[in-house]
Amino acid sequence: MKNAGVWTGLILLVCAGLMFSVSLGYGYYSKYGPGAGFFPLWISGGLILFSALYILESVKAKGYSFAEVFPQGREFSYMLTVIGAISIFILLINYTGYIIAGICMLLMLFLREYKWHWGLGLSVVTALCLYVVFQVFLKIPLPTGMF
């Protein structure tokens, strides 16, 4: 099948089915009202319904191939840069902490549009501002790593 809509609908259907099965493990009611499983059960059930309808609509319609909707050229390289930056952030955060991992991730993203010194400056300022907001003001602990 070359219809991207059908494949997207199937992926959504599988994810919704997994969420539905997991939500069945939570209590639907508690002694105070709806339990922890109430909202996820209804949301994933609705997603199952809508993804099935989307699959049916995609089968009936002409549809689009992956080549038509997948990014090409510069947009594809930017998508790979974003995926790489997020991957490096995930790999570094436990070892170096939030600030250094955030600077590395943002620097990878900013170097595509800014000169290196502007990109580095923006990365440092942004990572430090986010650290202060979450760690100091909101009291949300962030990974500190070895630094």
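All residue numbers in this chain count up from 1 along the given sequence.
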| query | When you check the gap from the basic side-chain N to the acidic O, do Arg112 and Glu75 get nearer than 4.0 Å? | reply | no
| message | So, taking the atom named OG1 in Thr126 and the one named CG in Leu107, what distance separates them when rounded to the nearest 0.5 Å? | response | 11.0 Å
| Would you say Trp118 and Val124 are hydrophobically clustered, going by side-chain heavy atoms of ILVMFWY under 4.5 Å? | yes
| request: Might you point out which heavy atoms bring Ser51 and Leu13 nearest each other, and give the distance in Å? | output: OG-CD1, 3.3 Å
| query | Quick one: CG on Leu47 to CZ on Phe20, what's the gap to the nearest 0.5 Å? | reply | 11.5 Å
| said: Quick one, Met105 and Ser123 - any side-chain contact, counting heavy atoms below 4.5 Å? | reply: no
| request: Please examine the side chains of Leu138 and Val133, heavy atoms only from C-beta on, and report whether any two atoms are closer than 4.5 Å. | output: yes
| Are any non-hydrogen side-chain atoms of Val22 and Pro40 less than 4.5 angstrom apart? | no
| message | Using 30° and 60° as the class boundaries, would you call the ring planes of Trp42 and Phe38 parallel, tilted or perpendicular? | response | tilted
| Sub-4.5 Å side-chain heavy-atom contact between Tyr98 and Phe89 | yes
| How close do Asn3 and Val59 get, heavy atom to heavy atom, and via which atoms? | ND2-N, 4.4 Å
| Are Leu142 and Tyr131 close enough, and set up right, to give a side chain to side chain contact (heavy atoms under 4.5 Å, CB included), and what steps lead you there? | CA-CA 8 Å; Leu142 295 172; Tyr131 182 81; 3.7 Å; yes
| query | To the nearest 0.5 Å, what is the distance between CE (Met19) and CG (Leu24)? | reply | 12.5 Å
